[in-house]
Amino acid sequence: MSDAATRLDTVRAEIVRAARAARRDPADVTLIAVSKRRSGDEIEALIDAGMRDFGENRVAEASEKWPALLASRPDLRLHMIGQLQSNKAGEAVALFDTIHSLDRASLLAALVAAGEKAGRFPSVYVQVNVGEEEQKGGASMADLPALIGAVRASPLPLAGLMAMPPQGVEAGPYFALLAKLAGRHGVAGLSMGMSSDYPAAVMLGATAVRIGSALFD
Ligand SMILES: *Cc1c(COP(=O)(O)O)cnc(C)c1O
């Protein structure tokens with residue numbers, strides 16, 4: 001087995017273990033390989049090992065790397081996981097299947113306009129600033145209900161809620177908070193969990209985990 005295949009096996013086994021511990025079906029958890037700053041060769045090794053969902057955090061970098069990788073592989077799915085500027089909405093709609101970082105009404109409007117032009121509407125997660133951190137992306141808890149309502153009234157399918165908990169503290173309570181917000185608003189999907197904390201995220205209901213270093217290093 002390649003190193004990439006070994007790492008992928010390990011992460012998948014962890015997801016299965018965490019899901020079973022919480023009496024969840026592991027098939028309900030989508031593993032997204034976060035390939036930001038990774039080369040085409042590193043990405044190809046994971047594709048060969050069976051990885052199909054990939055996440056990037058910058059439109060410019062993704063637009064350089066991915067068209068060539070996607071050309072011969074229409075079954076891959078690309079996820080935008082980083083902060084998105086409205087003036088990149090056109091490029092984002094063309095490239096990504098799912099956007100995890102919708103955090104404001106003006107960005108939703110830009111994505112809708114771009115989607116209508118392209119005839120293609122990516123699904124979106126509403127990102128929540130669960131730690132109420134000044135510098136972090138994500139809608140505030142106060143703005144969340146209106147933003148969820150606006151997505152539901154738009155042509156973009158609502159995939160769920162996404163969060164990046166504050167660094168350096170235990171993530172579990174923030175995952176639980178995101179799950180509670182999703183329940184309150186009748187939202188199904190939960191994009192949460194990275195290399196350092198995805199087993200906890202899966203136990204607390206994650207339906208998509210975004211993993212970089214554990215798959216690539
Ligand atoms: C980089 C990144 C990840 C993955 O981080 P790792 O610690 O490498 O697993 C997940 N989510 C977002 C939004 C990221 O930017």
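As the structure lists them, so they are numbered: ligands from 1, and atoms in each ligand from 1. Note: hydrogens, waters and symmetry copies are ignored here, and every other heavy atom, side chains too, is used.
Contact check on D103 versus K136 returns no salt bridge, with no Lys/Arg side-chain nitrogen under 4.0 Å from an Asp/Glu carboxylate oxygen. Comment: R210 does not engage D53 in a salt bridge, judged by the lack of any side-chain N to carboxylate O separation of less than 4.0 angstrom. Under 4.0 Å is where a charged nitrogen must lie from a carboxylate oxygen, and between E14 and R17 at least one such pair does. Between E61 and R37 there is no salt bridge, since no side-chain nitrogen of the basic residue lies less than 4.0 Å from a carboxylate oxygen of the acidic one.
When the side chain to side chain contact (heavy atoms under 4.5 Å, CB included) test is applied to A4, the partners found at least two apart in sequence or on another chain are S2, R7, A45, L46.
The residues lining ligand 1, counting any heavy atom closer than 4.0 Å, are V34, K36, I81, M164, M194, S195, R210, I211, G212, S213.
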Exercise for the section: Would you please test E44 and R73 for salt bridge (Lys or Arg N to Asp or Glu O under 4.0 Å) and show each step? Expected result: CA-CA 11 Å; E44 300 237 15; R73 301 184 186 89; 2.8 Å; yes
